[in-house]
Amino acid sequence: MPKRGNRLRLLLLPLLCMSLLGCQSTQQAADVPNVTVPFAVPLAANFRNEIAIARYSELLQNKTLDSEQQAQLFYNRGMLYDSLGLTTLARIDFNRAVKLKPDLAEVYNFLGIHHTLRQEYGTAYEMFDAVLELNTDHEYAYLNRGIALYYGERPALAANDFESFLERSPQDPYRLMWLYLAESEIDPVAAKAALKQHSQALNNDEWATQLVQLYLGELSQQAFLAQVGDGVKSQQEFAERLCEAYFYLAKRYQAQGNTSKAIEFFKLALATNVYEFVEHKYARLELQIIADEMNRADVS
């Protein structure tokens, strides 16, 4: 992780943000006037990952490798491709790995994520089911299957998976946020009450707890954005935090019916280049879903 904490002050600049029609000179929160949105330098590709990819590619040329060794190398290289946003290459390697070693649970987990991003929800469910059949303790399969169910418009089933995920770490604000997103599709009032109740288990010293406070109305958007860089020690950490902040701000605007603002913040999440984060991955899916809905509306 690059140590550039002394340069963070250069990153808190007025943001030139994208909208559907192009660029705007400043970005202000819709509900709070004169709020400057912080912006981070997009992350560059990790050169160590690129070198590792080259090394794995060399190793895969070794004809003496058995199937299990090849599968592990394809899986390792696929993860690195995924971390660089090279999703097609990652998916090719994951498929190669699972053909060579059908009991490699983690490969099914990644394949499930990729099928979710392609809106192939039925196949995604099958992939996550396979993960849990092979490893019942794979807790992130509950998160990822819950996300697939959420985007597959099955919020009640999604909430069940998110509850299972939250039970394994009740102090994790991100787990609580996904549960709230699913439950709010069923009953927004009850979801907010549950969010309030679950929030009592959170650690207020954790930055992500502020996401929950924002959704509960205990923290204004102005205060949330003003504190987003507090305690950050590197440019990478700042970009990662902003990726998360932008995504959940977008979901908040979306719930308020402000699609244009939601689009802007989803685009900002993508602009951080934090490819490994679920918030980055699903910001792209959110934009695709919005675009599909707009196209259907135009046709009708």
Side-chain angles (χ1 to χ4, degrees), residues 68 71-83 85 87-186 194 198 201 208 211 240 243-244 247-248 251 274-286 289:
E68 186 167 343
Q72 190 62 51
L73 287 172
F74 279 126
Y75 167 64
N76 291 345
R77 191 174 68 176
M79 284 197 302
L80 293 172
Y81 280 140
D82 190 80
S83 74
T87 55
T88 300
L89 293 175
R91 189 164 59 253
I92 290 171
D93 272 1
F94 291 143
N95 280 315
R96 287 169 171 166
V98 81
K99 287 179 181 178
L100 290 164
K101 186 173 172 55
D103 63 346
L104 197 55
E106 192 58 40
V107 177
Y108 291 104
N109 185 53
F110 273 97
L111 284 172
I113 293 170
H114 282 254
H115 284 294
T116 303
L117 294 171
R118 292 161 63 89
Q119 301 183 57
E120 299 168 349
Y121 301 118
T123 306
Y125 306 149
E126 293 174 3
M127 294 294 106
F128 297 126
D129 289 346
V131 176
L132 293 170
E133 288 174 7
L134 291 167
N135 181 5
T136 56
D137 294 327
H138 196 299
E139 60 181 300
Y140 280 91
Y142 289 103
L143 168 66
N144 294 322
R145 187 174 66 181
I147 292 175
L149 290 163
Y150 171 75
Y151 285 111
E153 299 182 350
R154 298 184 178 185
L157 293 175
N160 289 338
D161 272 352
F162 292 141
E163 282 182 359
S164 297
F165 188 54
L166 179 63
E167 286 172 0
R168 288 163 170 77
S169 183
Q171 304 84 14
D172 187 344
Y174 302 105
R175 300 179 188 226
L176 182 51
M177 289 298 298
W178 278 104
L179 175 59
Y180 170 76
L181 290 176
E183 291 183 334
S184 64
E185 292 291 317
I186 305 167
H198 287 303
L211 292 167
E240 290 172 350
C243 179
E244 296 165 344
F247 178 84
Y248 294 108
K251 292 298 291 180
V274 187
Y275 296 107
E276 294 173 277
F277 278 26
V278 295
E279 291 83 4
H280 187 281
K281 294 179 185 297
Y282 294 110
R284 186 175 299 281
L285 177 57
E286 291 278 1
I289 291 171

Just to verify, what does [X] make a ring pair (Phe, Tyr, Trp, His ring centres under 6.0 Å) with, not counting sequence neighbours?
X: Y275; value: H280
X: F165; value: Y140
X: F277; value: none
X: Y180; value: Y215

What's the separation between atom [atom1] in [X] and atom [atom2] in [Y], rounded to the nearest 0.5 Å?
X: I289; Y: L285; atom1: CD1; atom2: CG; answer: 4.0 Å
X: L73; Y: E68; atom1: CG; atom2: CD; answer: 11.0 Å
X: M79; Y: E276; atom1: CE; atom2: CD; answer: 9.5 Å
X: H138; Y: L143; atom1: NE2; atom2: CG; answer: 10.5 Å
X: E167; Y: E139; atom1: CD; atom2: CD; answer: 11.5 Å
X: M177; Y: H198; atom1: CE; atom2: NE2; answer: 13.0 Å

- Would F74 and I92 satisfy side-chain contact (heavy atoms from CB on, under 4.5 Å), going step by step from the backbone distance to the final call? CA-CA 9 Å; F74 279 126; I92 290 171; over 6 Å; no
I113 and F128: side-chain contact (heavy atoms from CB on, under 4.5 Å), yes or no, with the steps? CA-CA 9 Å; I113 293 170; F128 297 126; 4.1 Å; yes
K281 and its side chain to side chain contact (heavy atoms under 4.5 Å, CB included) partner, picked from D82, I147, T87 =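 Testing each of D82, I147, T87 against K281, the sole residue satisfying side chain to side chain contact (heavy atoms under 4.5 Å, CB included) is D82.
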Q. Would Y121 and E153 count as a side-chain contact (heavy atoms from CB on, under 4.5 Å) if you check the C-alpha gap in whole Å, the side-chain angles of each, and the deciding distance to 0.1 Å?
A. CA-CA 10 Å; Y121 301 118; E153 299 182 350; over 6 Å; no
What pair of heavy atoms forms the shortest contact from [X] to [Y], and how long is it?
X: A90; Y: G78; result: CB-O, 3.4 Å
X: A148; Y: A124; result: CB-CB, 4.2 Å
X: L181; Y: Y248; result: CD1-CE2, 4.5 Å
X: L104; Y: A71; result: CD2-O, 4.4 Å
X: A159; Y: L179; result: O-CD1, 3.6 Å
X: P170; Y: A201; result: O-CB, 3.8 Å

(message) Within the structure provided, determine whether Y282 and L117 are in side-chain contact (heavy-atom separation under 4.5 Å).
(response)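 Yes; the side chains approach each other to less than 4.5 Å.
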Does any non-hydrogen side-chain atom of F162 lie less than 4.5 Å from one of E183?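 Side chain of E183 against side chain of F162, heavy atoms only: no contact under 4.5 Å found.
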Have a look at N144 and tell me which of T116, N109, D161 forms a side-chain hydrogen bond (donor to acceptor under 3.5 Å, both in side chains) with it.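 Only match with N144 under side-chain hydrogen bond (donor to acceptor under 3.5 Å, both in side chains): N109.
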*F94 vs H114 aromatic rings, parallel, tilted or perpendicular, using cut-offs 30° and 60°?*
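Geometry flag for H114 against F94: perpendicular rings.
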task: Could you name each residue pair satisfying side-chain hydrogen bond (donor to acceptor under 3.5 Å, both in side chains) that touches residues 123-136, not counting sequence neighbours?
output: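 As it turns out, the side-chain hydrogen bond (donor to acceptor under 3.5 Å, both in side chains) pairs with a partner in residues 123-136, which skip direct neighbours, are D129-R145.
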Give every residue pair that meets the side-chain hydrogen bond (donor to acceptor under 3.5 Å, both in side chains) criterion with at least one member in residues 90-103, sequence neighbours excluded.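 Qualifying pairs: R77-D93, D93-R96, K101-D103.
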Original post:
Hey, mind stepping through Y142 and E163 against side-chain hydrogen bond (donor to acceptor under 3.5 Å, both in side chains) and telling me if it holds?
Top reply: CA-CA 9 Å; Y142 289 103; E163 282 182 359; over 6 Å; no
Quiz item: Around Q119, counting heavy atoms of other residues, nucleotides and ligands shown, do more than 12 lie under 6.0 Å from its CD?
Solution: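 For Q119, atom CD is crowded (more than 12 foreign heavy atoms under 6.0 Å).
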Dump the intermediate steps for side-chain contact (heavy atoms from CB on, under 4.5 Å) on M127 and F110, then the final yes or no.
-> CA-CA 9 Å; M127 294 294 106; F110 273 97; over 6 Å; no
